[in-house]
Amino acid sequence: MFKQIGKWGKSAVLAVALAAVSFSGMASEKLTVFAAASMTNVLQDLASEFKQEQKAAEIVFSFASSSVLARQIDEGAPADIFVSANLKWADFLQEKGKIIADSRKIVAGNKLVMIAPKSAGELKFDLNNDEWLQYLGKNFLSVGDPEHVPAGLYAKAALTKLNQWDKVESQLARAANVRAALTLVERAEAPLGIVYATDAAASDKVQIVGVFPDGSYEAVEYPAAIITDHDSAVARAFMAFLGSDSGKVILQKYGFSVE
């Protein structure tokens, strides 16, 4: 025989039942994240940890240049969250009312570096002078396309500040995104390239040969936001996780800076 459940017992049972429904709902959702190519490895790791901690949704990623992703979202692509490698493309979507403004936050920072294949032997350059240009010779410098790729925009700003842009503009191998720029150097198809420090750290085929000085380009910041009409408990939970202690540990492991 079961004992009769009192008023407070009934309330407790109801609370557990509602929590189970909420948990089940979050676990059954699929979250689609459009993110800058430079965050490929770290976001996959973050998603894995998030799912373990939250027992939450399946997370699907689309990685590409921030500009490409922003335009896709503007045209109606079914993203839930956008993570950009610069402020420009987050601003672009916010001005069009495509992201939820109060969900937007900076989740990480990065540095701009010059890389070479490890197979080239040990190299080091002071990027304040033209020594690296002499090494480059008539070969191509691999960069994200400065017309729209954030890493390329940062590279153009730094090279312009250092009075080197005009000397190398005609020798750019303009990649579709920063990971594509990394790949050209990994394959030794370009002797030098400009990527983020975290991209260089993710590869065992390249070496950092120079670090662009602070002040030669705007700080590299990664804004993230929930897409308009895609607000949900799991989207809010993942955004919160990016700024949590657990999330910050993973971001730092991959070389990103966090506040």
Side-chain angles (χ1 to χ4, degrees), residues 35-43 63 65-66 83-88 106-137 139-146 148-165 167-169 171-222 250-258:
S38 56
M39 298 205 84
T40 299
N41 302 81
V42 69
L43 276 177
F63 294 108
S65 168
S66 301
V83 186
S84 175
N86 68 356
L87 301 179
K88 174 182 177 179
I106 303 297
V107 296
N110 216 331
K111 293 286 187 181
L112 198 66
V113 301
M114 184 171 287
I115 58 171
K118 280 190 176 178
S119 59
E122 187 175 348
L123 294 169
K124 287 294 177 186
F125 298 117
D126 177 354
L127 300 182
N128 286 289
N129 60 53
D130 290 355
E131 180 186 6
W132 69 270
L133 283 165
Q134 295 169 16
Y135 176 84
L136 182 68
N139 295 301
F140 284 94
L141 174 69
S142 180
V143 297
D145 190 340
H148 63 92
V149 178
L153 293 167
Y154 291 123
K156 180 178 180 179
L159 293 171
T160 300
K161 182 74 172 180
L162 298 172
N163 298 313
Q164 297 164 343
W165 174 252
K167 301 172 185 177
V168 77
E169 182 181 3
Q171 294 173 238
L172 300 182
R174 299 169 181 254
N177 58 65
V178 70
R179 284 302 175 94
L182 174 71
T183 298
L184 288 176
V185 181
E186 286 181 323
R187 295 174 178 171
E189 294 175 18
L192 296 173
I194 300 175
V195 298
Y196 300 120
T198 53
D199 296 304
S203 174
D204 59 3
K205 297 178 181 179
V206 304
Q207 59 180 314
I208 294 176
V209 299
V211 179
F212 284 92
D214 291 339
S216 63
Y217 59 98
E218 290 184 5
V220 179
E221 295 180 312
Y222 290 78
I250 295 172
L251 284 161
Q252 289 175 315
K253 182 179 79 171
Y254 283 86
F256 291 89
S257 59
V258 297

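The basis for the numbers below is simple: all heavy atoms, side chains too, and nothing from hydrogens, waters or symmetry mates.
Applying the side chain to side chain contact (heavy atoms under 4.5 Å, CB included) criterion to K88, with sequence neighbours excluded, gives N86, L153. Listed by chain and number, the residues in a ring-ring contact (aromatic ring centres under 6.0 Å, His included) with F256 are Y222 (sequence neighbours excluded). Here K111 pairs with D214 under the salt bridge (Lys or Arg N to Asp or Glu O under 4.0 Å) rule; sequence neighbours left out. By the ring-ring contact (aromatic ring centres under 6.0 Å, His included) test, F140 pairs with no residue at all, sequence neighbours left out.
Separating the CH2 atom in W132 from the CD1 atom in I194 is a distance of 5.5 Å, to the nearest 0.5 Å. Of the inter-residue distances, the one linking N163 atom CG with D130 atom CG reads 8.5 Å to the nearest 0.5 angstrom. Atoms CD and NZ, on E169 and K156 in that order, are 6.5 Å from each other to the nearest 0.5 Å. Note: L133 CG to K167 NZ = 6.5 Å, rounded to the nearest 0.5 Å. To the nearest 0.5 angstrom, L192 atom CG is 5.5 Å from L136 atom CG.
Here the shortest heavy-atom pairing between S65 and H148 reads OG-ND1, 3.7 Å. For the residue pair A158 and F212, the shortest heavy atom distance occurs at CB-CD2, 3.7 Å. When all heavy atoms of N110 and A197 are compared, the closest pair comes out as OD1-N, 3.6 Å. Residue E186 comes nearest to S203 through the heavy atom pair OE2-OG, 2.6 Å, listed as atom of the first residue, atom of the second, then distance. Shortest non-hydrogen contact noted between T198 and G255 is CG2-C, 3.5 Å. When every heavy atom of V206 is checked against every heavy atom of A200, the shortest pair comes out as CG2-O, 3.9 Å.
A donor-acceptor pair under 3.5 Å links the side-chain atoms of Y217 to the main chain of L112, judged by distance alone. Between the side chain of Q207 and the backbone N or O of A120 there is no donor-acceptor pair closer than 3.5 Å. Looking only at distances, a side-chain donor or acceptor of S66 sits under 3.5 Å from a matching main-chain atom of A85. Judged purely by atom type and a 3.5 angstrom limit, Q164 uses its side chain to pair as donor or acceptor with the backbone of N129.
For E218, the CD atom counts as loosely surrounded, since its 6.0 Å shell holds 12 or fewer non-hydrogen atoms of other residues, nucleotides or ligands.
Within the 4.5 Å cutoff, the side chain of L159 has no heavy atoms near those of the L127 side chain. V209 has its side chain within reach of M114: a pair of non-hydrogen atoms, C-beta onward, lies under 4.5 Å apart. Residues W165 and L172 are in side-chain contact: their nearest non-hydrogen atoms beyond the backbone lie under 4.5 Å apart. Side-chain contact between N128 and S216 is absent, with no heavy-atom pair separated by less than 4.5 Å.
Counting only residues at least two apart or on different chains, no side-chain hydrogen bond (donor to acceptor under 3.5 Å, both in side chains) pair has a member in residues 113-122.
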Solution key, residues 175-184 side-chain donor-acceptor pairs under 3.5 Å, sequence neighbours excluded:
unit_1 : atom_1 : unit_2 : atom_2 : d
N177   : OD1    : R179   : N      : 3.0
N177   : OD1    : A180   : N      : 2.9
R179   : NE     : D199   : OD1    : 2.6
R179   : NH1    : N41    : OD1    : 2.8
R179   : NH2    : N41    : OD1    : 2.7
T183   : OG1    : R179   : O      : 2.9

